[in-house]
Amino acid sequence: MNVSLFNTMSRSIEPFEPISNSFVRMYCCGPTVYNFAHIGNLRTYIFEDILRRTLDYSGYEVKHVMNITDVGHLTGDNDDGEDKMLKTSQETGRDVYEIARFYTDAFFSDTDELHILRPSIACKATEHIDVMIALIQRLEKLGHTYFAGGNVYFSIDTFSDYGRLARLNLDELQSGARIDIDPNKRNPKDFVLWFTKSKFENQAMLWDSPWGVGYPGWHIECSAMSMHYLGESFDIHCGGIDHIGVHHTNEIAQSEAATGKTWVNYWIHGEFLVNDTGKMSKSKGEFLTLQLLKEQGFDPMDYRYFCIGGHYRSQLQFSWEALQAAANGRKNLFEKIASLMKQASYAHNLSDQAKQYIEQFETFLGNDLNAPRGLAVLWSMLRDKTLSDSEKLACAFQMDRILGFNLAEIKPIVDEVSIPQNILELVSQRTEAKRNKNYKRADELRAIVEEAGYQIKDTPGETIVSRRCNQN
RNA sequence: GGUGCCGUACCCAAGUGGUAAGGGACAGGUCUGCAAAACCUCUAUGCACCGGUUCGAAUCCGGUCGGCACCUCCA
């Protein structure tokens with residue numbers, strides 16, 4: 001299977017060719033663990049998971065590295081920003097490391113529930129301060145830095161290619177249009193590599209460095225850790241679309257200034273989840289979490305299905321109505337698979353027709369991860385009358401290696417054991433009434449059962465009771 | 001102020017020159033004592049609007065209106 005990906009650097013879809021033949025080195029920007037991930041954040045990790053699985057499926061061995069940003073970052077280069085880790089710490093009275101651990105665990109709990117494969121390496125910023133310092137020293141030796149006002153800055157004017165990823169026009173860019181410019185900077189786009197000044201007393205996260213006690217700047221961790229684990233040049237770097245202009249632009253500058261080599265070959269960015277008020281943002285205060293979706297009766301797979309229904313480079317419009325539509329679709333899919341599992345065995349040899357569906361699926365996914373089309377192929381395949389049930393199952397399981405619903409784990413039989421005894425009693429009374437053709441009584445009993453939240457289905461053989469709700 | 005993206009049915013959404021994928025919802029049908037489920041069928045002569053290029057445009061070009069994002073930590 002061939003894979004092509006939209007590379008932000010070239011703004012075009014390029015055939016994917018890793019540096020090493022069958023080995024892919026991929027770095028994904030991870031979470032800042034001062035709060036829960038919201039569903040917009042999670043959308044990006046789902047897209048990255050589809051990418052990861054597509055590469056796995058295509059036969060590549062993928063080394064997937066993700067950072068955990070457990071260092072607090074200021075909201076600006078000036079000293080008037082706020083450190084979010086510290087802020088959360090002060091608000092809750094908990095130790096910053098404890099907070100980081102808590103939200104890291106929460107993050108992986110969410111991603112596990114969404115069937116997002118864990119990275120090969122998840123590296124914490126606080127455990128790689130020495131690697132960051134070494135990189136800053138390297139930049140310093142090469143003359144890319146200056147020291148001013150207590151901070152070490154990267155000088156973008158020493159790096160000729162600055163802004164290529166974002167296609168920044170430095171002459172026309174109005175830095176400081178929305179924020180005051182740090183007076184220590186020689187160029188408004190310069191950024192801090194190492195802070196030694198902080199207005200915060202009780203700054204909990206401080207490390208010794210050649211420039212004094214302090215903490216690293218925002219961008220250095222990704223450069224330092226990615227090169228530490230993946231080498232000075234690697235294949236893929238992904239993240240949210242918001243990172244193009246600043247974070248990734250600065251990462252490229254400091255990485256390539258240090259090594260003199262192309263750092264990353266493919267830049268892949270995921271678009272935002274938006275709702276009627278615009279993008280979801282932690283700083284806006286209120287935001288939706290996976291936990292909240294679950295409390296509303298949704299299954300994590302409903303959200304995965306919802307995300308897969310849209311292309312990763314398009315904004316996705318969230319609404320409860322849209323999520324409910326996805327939940328219905330996902331439930332129908334799972335029930336379809338469950339019924340196939342009940343009747344069919346797993347086919348090992350696929351017919352030509354079945355193979356065609358697989359090929360279509362692979363073509364779509366290989367073409368810049370067109371997962372919505374992949375999902376459409378899955379549905380067409382399931383509704384194709386010329387395929388046997390066992391072939392359908394085999395096809396679905398194969399596609400699921402990328403879609404990641406874990407279809408093989410669906411339980412073929414609805415949870416009859418969890419139906420309370422009194423409900424089962426009512427159902428058997430109704431069956432008895434039906435046998436006596438007392439339909440009035442039977443309908444009354446059904447109404448009672450439905451009132452209690454259960455659903456009755458009469459099949460030719462037996463009467464099936466199941467929970468009546470929008471979750472599986 | 002600068003830059004980029006988008007506007008497709010009731011909802012979500014795919015589709016970048018060859019005659020509108022898919023899912024959900026709705027409606028009809030088969031089945032059923034009736035339901036439910038399942039299965040089948042149906043839903044945009046039209047893709048924000050106006051003009052242009054072309055044999056042919058949702059797709060390319062120009063303009064208008066509307067929405068979103070980035071330029072501040074944020075996926």
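Note that the structure is predicted; figures quoted are calculated from it, not measured. Just so we're on the same page: letters track the sequence lines, and every chain starts at 1.
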What does A/Glu271 touch in the nucleic acid at a heavy-atom separation under 4.0 angstrom: a base, only the sugar-phosphate, or nothing?
-> base
Do A/His269 and A/His248 have their ring centres less than 6.0 Å from each other?
-> yes
Mark yes or no: A/Arg313 above the aromatic ring of A/Phe6, with NZ or CZ under 6.0 Å from the six-membered ring centre and no more than 45 degrees from the axis.
-> yes
According to a 3.5 Å limit on both distances, what stems of 3 or more consecutive Watson-Crick or G-U pairs are formed with RNA chain B?
-> B:1-7 with B:65-71, B:10-12 with B:22-24, B:27-30 with B:38-41, B:48-52 with B:60-64
Indicate yes or no: does A/Arg430 engage A/Asp458 in a salt bridge with an N to O separation below 4.0 Å.
-> yes
Which part of the nucleic acid, if any, lies within reach of A/Phe364 when heavy atoms closer than 4.0 Å are counted: base, sugar-phosphate only, or nothing?
-> nothing
If we ignore angles and hydrogens, is there a donor and acceptor under 3.5 Å between the side chains of A/Asn328 and A/Gln324?
-> yes
Does the gap between the ring centers of A/Tyr153 and A/Trp194 come in under 6.0 Å?
-> no
Using a cut-off of under 3.5 Å, enumerate the N/O to N/O pairs linking the protein to nucleotides 26-28 of chain B.
none

CG of A/Leu333 versus P of B/rG23: gap in Å, rounded?
-> 11 Å
Taking the P atom of each, how far is B/rG33 from B/rC42, in whole Å?
-> 28 Å
Classify the nucleic acid contact of A/His247 as base, sugar-phosphate or nothing, counting any heavy atom under 4.0 Å across all strands shown.
-> nothing
Evaluate the ring planes of A/Phe191 and A/His219, with Trp represented by its six-membered ring, and classify them as parallel (under 30°), tilted (30 to 60°) or perpendicular (over 60°).
-> perpendicular
Atom CG of A/Leu375 and atom CG of A/Leu333: how far apart are they, to the nearest 0.5 Å?
-> 7.0 Å
Those residues that, when tested against A/His64, pass side-chain hydrogen bond (donor to acceptor under 3.5 Å, both in side chains) (two or more places apart) | A/Arg52
Ignoring backbone atoms, establish whether A/Asn41 has a side-chain N or O less than 4.0 Å from OP1 or OP2 of B/rC74.
-> no
With sugar-phosphate taken as primed atoms, P, OP1 and OP2 and all else as base, the protein-contact string of nucleotides 11-19 of chain B at under 4.0 Å (heavy atoms; B, S, -) is SSSBS----
Classify the nucleic acid contact of A/Gly40 as base, sugar-phosphate or nothing, counting any heavy atom under 4.0 Å across all strands shown.
-> base
Letter per nucleotide, 5' to 3', of nucleotides 33-42 of chain B [B base touched, S only sugar-phosphate touched, - untouched; heavy atoms, 4.0 Å] | BBBBSSSS--
Counting any heavy atom closer than 4.0 Å, what does A/Val377 reach on the DNA or RNA strands: base, sugar-phosphate only, or nothing?
-> nothing
Partners passing side-chain hydrogen bond (donor to acceptor under 3.5 Å, both in side chains) against A/Tyr303 (at least two apart in sequence or in another chain) | none
Between A/Phe36 and A/Phe287, is the ring centre distance below 6.0 Å?
-> no
